[in-house]
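Encoded as structure tokens, the structure appears first; notes follow it.
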2 protein chains.
Amino acid sequence: MRREPDRHPPRRKSHAEAKPIPAYGPPEGSFVAGYMSYLLAQASHVYSAGVHPRLKEKSGGIAEWRVLACLVDVDGMSVSRLAELALFNQPRLSKVLDRLGAQGLIERRGDTDDRRRVRVHITPKGLALARPLIETAKQHEAEMLAGYTDEEVAAIKRMLKQIIDRSLAINTPGPPTDPSD
Amino acid sequence: MRREPDRHPPRRKSHAEAKPIPAYGPPEGSFVAGYMSYLLAQASHVYSAGVHPRLKEKSGGIAEWRVLACLVDVDGMSVSRLAELALFNQPRLSKVLDRLGAQGLIERRGDTDDRRRVRVHITPKGLALARPLIETAKQHEAEMLAGYTDEEVAAIKRMLKQIIDRSLAINTPGPPTDPSD
DNA sequence: CCGGATTGCATGAAAAGTTATGAATTAGTC
DNA sequence: GACTAATTCATAACTTTTCATGCAATCCGG
């Protein structure tokens, strides 16, 4: 049997009265509708929903894509630094790197000075895969932001960076570097 | 042995020359530093990093928390609608619901009219758990946005909602509801 | 230098998520 | 009304992530 037996009580009425509203997103005035964390998560989610299928198909997964993109920016980062940049915890990144390494897209090399560290390098094969993906991503961004002026886009990005910086400042308990900031 | 034998070539130099910069976030001018998807993901990530531990501990997981929060807003949604709202795919939500159901925090009830549908209801026990969590979330939001004026906060949220709406419009192929929009 | 604390990364076991698919029900068409 | 298509949700099989932990290398106080 598919569902529990008593989940569906006997039918109530013939078939009158319309179906509920199929609206997207949270209802106006609800908690989540105005909750910043939710808005950020939803924005991130729906904004990238359009490219993710393409990126995932080519790179083998969104996590893989993110790592490759970061490595094109900065090659040879340590594992923990790369994890931070790609927004992963360290064990997760280690395993993503295993997969990327198995495909010959990245390479781990021990740091010569601090032998605890492992530096991650993108291979030529990895670059050959990543570069076109970055173009795809840029093209998607262009489409998504077509309705905004350059100034508006700049303002949006500035605002996001500010949110990021402030969050980091709050989350980082250390003594304030400068109270006048 | 822990790593591949040849990962660490012989040490290079005594110990002069400083260690690399430990900066947080992507380097200025890099691709990801200005890539909207990344900014949104990073903002979402670091912004909520502060509450997530607390919410997770109390609710059993961030996914669980999101579902409960949505249900406090709107009780009795269908599974697919709730999945959409909580930003999960349907099978994932089904499993989150299994867990929540096992703890007696939610209940599934078959829709009387359309017997394919299953409506999800939060239980009194679930409410008792969720309400304080929402307070925690609100408190966190207050802390995080303390540096902004009410108007600035409103502007930020409006901006995010606009990004969401536009993304949805672009991702939804259907004919434009109103070309004059 | 020596020993304890710390850092950087990997890894194993357990938990959670994903993909593909199936079953039940309803909708639509002729 | 019967038949096919479409919707809604669950589930099984497989993959990925997480949590905790271990080991090696460095750091640091004496």
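Per chain, numbering begins at 1; letters A, B, ... match sequence-line order.
Closest contact between the side chain of A/Gln90 and the listed nucleotides C/dA16, C/dA10, C/dT26 involves C/dA10. For B/Ser80, the side-chain atoms get nearest to D/dC9 when compared with the rest of D/dC9, C/dT25, D/dT17. Taking every side-chain heavy atom of B/Asn89 into account, C/dT18 is the closest of C/dC9, C/dT18, C/dT26. Side-chain proximity of B/Arg117 to the nucleotides D/dC19, D/dT11, D/dT8 is greatest for D/dT8. Checking C/dT19, C/dG17, D/dT18 against every side-chain atom of A/Pro91, the shortest atom distance belongs to D/dT18.
In terms of phosphate contacts, A/Lys56 brings no side-chain nitrogen or oxygen within less than 4.0 Å of OP1 or OP2 of D/dT16. Taking only side-chain nitrogens and oxygens, B/Arg108 comes nearer than 4.0 Å to OP1 or OP2 of D/dA10. Dashed line: the shortest gap from a side-chain N or O of A/Arg109 to OP1 or OP2 of C/dC9 is not under 4.0 Å.
When the C1' atom of C/dC9 is taken as reference, atom CZ of A/Arg81 falls 17 Å away, rounded to whole Å. Straight-line distance from the CZ atom of A/Phe88 to the P atom of D/dC19: 15 Å, rounded to whole Å. Atom CZ in B/Arg99 sits about 13 Å away from atom P in D/dT18, given to the nearest Å. Between A/Leu97 atom CG and D/dT16 atom P there is a gap of 14 Å when expressed in whole angstrom units. Here the P atom of nucleotide C/dT7 and the CG atom of A/Asp113 are 19 Å apart, to the nearest Å. Rounded to an integer number of Å, the gap from CG of B/Asp111 to C1' of C/dA27 is 15 Å. The nearest whole Å value for the distance from the CZ atom in A/Arg115 to the C1' atom in C/dT7 is 16 Å. Here D/dT16 presents its P atom at 19 Å from CH2 of A/Trp65, a figure rounded to the nearest Å.
Of all non-hydrogen atoms in A/Val72 and A/Ala130, the two that sit nearest each other are CG2-CB, 3.6 Å.
Judged by atom type and distance alone, A/Lys95 does not reach the base of D/dT15 through any side-chain donor-acceptor pair under 3.5 Å. Below the 3.5 angstrom threshold, one finds a donor paired with an acceptor across the side chain of A/Arg116 and the base of C/dT7.
Partners of B/Phe88 under the ring pair (Phe, Tyr, Trp, His ring centres under 6.0 Å) rule, at least two apart in sequence or in another chain, do not exist in this structure.
Nearest-nucleotide mapping onto DNA chain C: of A/Asp98 and B/Val96, the residue sitting toward the 5' end is A/Asp98.
Interatomic distance, A/Leu85 CG to A/Arg66 CZ, rounded to the nearest 0.5 Å: 10.0 Å.
Taking the six-membered ring for Trp and the full ring otherwise, A/His52 and A/Tyr47 have centroids separated by 6.0 Å or more.
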Verdict with reasoning, A/Glu143 to B/Ile170, per side chain to side chain contact (heavy atoms under 4.5 Å, CB included): CA-CA 9 Å; A/Glu143 292 165 11; B/Ile170 292 176; 5.8 Å; no

